[in-house]
Amino acid sequence: MKNKSVICPGSFDPVTLGHLDIITRASKMFDSVYVAVLINSSKKPCFSIEERMALMREAVEGLSNVEVVRFDGLLAQYCRRHKIDAIVKGLRAVSDFEYEFQMAIANKKLNPQLETIFLTADSDSMYLSSSMVREIGSYGGDIGNFVPACVHDRIVERLRQIHQ
Ligand code: PNS
């Protein structure tokens, strides 16, 4: 599937090893991968957009065909504007499926050229989510197995500040 550009969208609040696994695998399958960090999440992010982008940039530093961008508004419109062929998402469990399936159909209706491709999460990431990282980290628990090593200390520090 070469000569294709894809997008991995998310809040990345913060980036986890599960996200990095999906992005790394996408970077091997496609020409260019945009990691699109949602600016205004309705979930009211813990980490600012600048923090989320900086952490993600550091996490994907070794992947030469990956670019970290910010986006707001509808993903389908962003993809049309930037001539992106497909959305790549990780699926962890059956519980992810209904929501992701609904979004894939809505995005296809909004932009019929746009495909959504699901990669199954790595077995180590099946249970992993940013919210779990935030919760464990904010109570001082060990998040060493959940986030990329290069950004671990900064995530720990930031989560500690939030809980103080
Ligand atoms: O990491 P998240 O919070 O689960 O990511 C969700 C995200 C950013 C992929 C999703 O909320 C999204 O695409 N938001 C942009 C608005 C949009 O296009 N919504 C879909 C219309 S059905």
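Atoms considered below: every heavy atom in the structure, side chains included; atoms not considered: hydrogens, waters and symmetry mates. First listed ligand is number 1; within each ligand, the first listed atom is number 1.
Listed by first then second residue, pairs satisfying side-chain hydrogen bond (donor to acceptor under 3.5 Å, both in side chains) with a partner in residues 79-91 read K89-E100, not counting sequence neighbours.
Shown here are the side chain to side chain donor-acceptor pair (under 3.5 Å) partners of D21, two or more places apart in sequence or in another chain: R25.
The heavy atom nearest to atom 15 (C) of ligand 1, considering only G73, C8, P9, is found in G73. Of the listed residues (L75, L38, D72, N40), the one carrying the non-hydrogen atom nearest atom 13 (O) of ligand 1 is L75.
The environment of CD in Q113 is sparse: at most 12 heavy-atom neighbours from other residues, nucleotides or ligands sit within 6.0 Å. Counting heavy-atom neighbours within 6.0 Å of F101 CZ, excluding the residue itself, gives a total of 12 or less.
The proximity of L74 to ligand 1, defined as any non-hydrogen pair under 4.0 Å, involves the side chain as well as the backbone.
Checking only distances, S11 does come within under 3.5 Å of ligand 1, N or O to N or O.
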Next on the checklist: Between V33 and I7, is the side chain to side chain contact (heavy atoms under 4.5 Å, CB included) condition met? List the steps.
Outcome noted: CA-CA 6 Å; V33 177; I7 194 163; over 6 Å; no
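Atom numbering of ligand 1 starts at 1 in the shown order; those under 4.0 Å from a heavy atom of A106 are 22 (S).
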